[in-house]
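Report on one structure; see the data block that follows.
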2 protein chains.
Amino acid sequence: MPTWLAPVGCWTCRWTRGRWVNVPRVTHQPPDQGPGQAPTLDEVARLAGVSRATASRAINGGNRVSQSAQTAVAEAVRTLGYSPNPAARSLVTRRTDSVALVVPEPDERVFSDPFFVHTLRAVNRVLAARDLQLVLLLARPEDESRMLRYLGERHIDGAIVVSHHQNDRLAEHLAALGLPCAFVGRPWTGEDRVAYVDTDNEAGSRAATELLISRGRRVIGHVAGPDDMTAAADRRAGWRSAVTTAGLRDDLVACGDFTEIGGEEATRALLAQCEEIDGLVVASDLMAVGVVRVLEAAGRRVPDDVAVVGYDDLGVAERITPPLTTIRQPIGDMAEQAARMLLDQIDERRAPRAVRVVFPPTVVERAST
Amino acid sequence: MPTWLAPVGCWTCRWTRGRWVNVPRVTHQPPDQGPGQAPTLDEVARLAGVSRATASRAINGGNRVSQSAQTAVAEAVRTLGYSPNPAARSLVTRRTDSVALVVPEPDERVFSDPFFVHTLRAVNRVLAARDLQLVLLLARPEDESRMLRYLGERHIDGAIVVSHHQNDRLAEHLAALGLPCAFVGRPWTGEDRVAYVDTDNEAGSRAATELLISRGRRVIGHVAGPDDMTAAADRRAGWRSAVTTAGLRDDLVACGDFTEIGGEEATRALLAQCEEIDGLVVASDLMAVGVVRVLEAAGRRVPDDVAVVGYDDLGVAERITPPLTTIRQPIGDMAEQAARMLLDQIDERRAPRAVRVVFPPTVVERAST
DNA sequence: TTGAAAGCGCTACCAC
DNA sequence: GTGGTAGCGCTTTCAA
């Protein structure tokens, strides 16, 4: 704690008119009603003049409850300001009505990449419709075990996993737990034990490369994503397959980390390796931003000297100069699909089924090729 | 669902070598152990040859438990793969060991603004140390009631609220619920009923403006944040106070929404209103990025023709060209402090106390002034 | 140091 | 339709 910070609850240090002044803390202590003993179902029932069982039924959908009882309970609920205790409820229903979105990434990246935002929104949309609460589980490598413990304790009814890496054995762990789950992006291992959605990254990247080839480019490099993600590996494979088939160089690869900075560094490396590069297939639009920046700093015009294709098409691609040709993956649809697959498992109350759904990528041509 | 998408669980549609092929779904159904009846404390106790009470004590810190019982229980826990049922536990302890981070914002903004990332990380750091789980509650205006319900049901032990707006009466609601909470940023109303941390936004903005004045700028505009946030209002007040004191124009204000686009639009408006502007005080660095972009597009050099000061200093400011002079607020410290204030309340198990802590802003000079 | 037993607040079964 | 009642899995007295 900075030394100038007064002890909480006594003084406030305020910077006013160029100097520090101490201001006595303003405390307005409300009539200390404590943590306000919440009303229980019992009290509701009593007030409504019915039994606990009837009150419970009335509150949960009102099956086999008379109109009069229904309204009496509703009235009692309102006057008491009652809301059911979720712990008690899930103790008996064995459902928590919440679902985790597991993101095994250091949090910086999560928030800089539009990929996550889109996923999150789509998932949230599906869940909200079912009145399920989404719990975001950001697990940096160091507290992976904490996360696994949380999942194992069944705080949640199921999990959606995105951006999963090679060394987190999440798919196996979740399968072993028998916890309903769905992956966005093919897992490295255990892919036959869990449900997942993916796009055909290899085909997308191959299409990107073939586009450059058809435009007459002959020295085509690849800015790849992190080695430990399947999407990155597949995209690299797609590029390689296309350049090999065309009889072009297949050694011009540099790895980035799906960030702008990563794209910059990879491009510098590639340029140092080979000056004749006239095309670049980049594994994400965010990296492509860095790629273009470095190319222009190096005096190469895009697309005249070097044509660039990105991947994702989540908004950045069309905002930069020049607007980026890219491969679109339907993230929203994918995430929605994953959410629905999860709900299916939860509803059937059984171990995950290894369903997989693969979405098609689309080439989106703009000005960078 | 797109028409090309095969029914889940039957076929997978895969784009291979330029055309669509249907691939039969690969299903590996693990021996259906159902949702794997989790072991209970009872079974642990039986296996360890002790009573449930002793097992419970052994698991929760091991007070008043013999060494032998302790190890026997530990052993049983391990072989059974036991983990306590959180619902049952919190039913009796009346604690859920999780805390909400409430963000009443449409989710796009949350993820594009580094402010949130920094807050999130700081809060997470404090909570993880205490083994509390953070639940991110993103509440767009339309499902605010859903969020309030969630809070009212006591799924969580307390809440940290950031980026709170004028019309969500969160402070009152939380105070009324008697739910422990801490705000990051002064709430509009109910500020005498809840604990909060803030920076002295008015002083910071005044300092920014005075810096421009001391550099000889005489026509100083302000790109303000959304009207319904206290930080924006305070920063606007700081600018106004400084320009008025100096006898300068105080009508050159345009509102943005704390995004780059918002900054662009506001700048265009200001430029249209007055061509002689030679200084701009901008309420956030993110907006300042847009401001600089529009200024340069309009042929004004920064800082030669127009000097610009931002606000936040969370990384963007130093990365753009020219590096931005800005006002730094210690977000990390603020969020940490808020988290600690919340933990204090939770530990004392009583209604929130209206403690407030105000942090100082700092002028950081770079190349834009 | 231990264990029996009393709940925590709720749902769901079953007999009425 | 309704209400009594048996738990859900755990912690926490309290008496031994």
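Each chain gets a letter, A, B and so on, in the order its sequence line appears, and its residues count up from 1.
Contact annotation: R94(B) does not reach the phosphate of dT11(D) (side-chain N/O to OP1 or OP2, under 4.0 Å). A sub-4.0 Å separation between OP1 or OP2 of dT11(D) and a side-chain N or O of S56(B) is present. In this model, the phosphate group of dT1(C) is not approached by any side-chain N or O of T54(B) to a distance below 4.0 Å at OP1 or OP2.
Donor-acceptor pairing under 3.5 Å is lacking for the side chains of S83(A) and E153(B). For the 3.5 Å distance criterion, the side chains of T93(A) and S90(A) fail to qualify, holding no donor opposite an acceptor. There is no side-chain donor-acceptor pair under 3.5 Å between Y150(B) and Q133(A).
Under the 4.0 Å criterion applied to side-chain N and carboxylate O atoms, D347(B) and R130(B) are assigned as salt-bridge partners.
Nucleotide dG3(D) holds its P atom 12 Å from the CG atom of L41(A), rounded to whole Å. Atom-to-atom, OH of Y82(B) to P of dG9(D) comes out at 10 Å; the value is rounded to the nearest Å. The CG-P distance, from N60(B) to dT13(D), rounds to 13 Å in whole Å. Note: CD (E153(A)) to P (dC8(D)) measures 20 Å, nearest angstrom. One can place CZ of R52(A) at 18 Å from C1' of dG1(D), the figure rounded to the nearest angstrom. Rounded to whole Å, atom P of dT2(C) lies 7 Å from atom CZ of R57(B). As rounded to whole Å, 17 Å separates atom P of dA6(C) from atom CG of L91(B). In this entry the distance linking CG of D42(A) with P of dC10(C) reads 8 Å, nearest Å.
When each of A87(A) and Q70(B) is assigned the nucleotide of DNA chain C bearing its nearest heavy atom, the one mapping closer to the 5' terminus is Q70(B). Positionally, the nearest nucleotide of DNA chain C for A53(B) lies more toward the 5' end than for the other of P86(A) and A53(B).
Few gaps surround CZ on R146(B); more than 12 heavy atoms of other groups in view lie less than 6.0 Å from it.
Residue contacts for S66(A): at a heavy-atom cut-off of 4.0 Å it reaches the sugar-phosphate backbone alone, with no base atom in range. Base contact: R64(A) has a heavy atom under 4.0 Å from a base atom. Across all strands, A69(B) comes closer than 4.0 Å only to sugar-phosphate atoms, never to a base (heavy-atom distances).
When the nucleotides dT2(D), dC10(D), dG9(C) are ranked by their closest atom to the side chain of T40(B), dC10(D) comes out on top. Nearest nucleotide to the V65(B) side chain, out of dT11(D), dT2(C), dC10(C): dT2(C).
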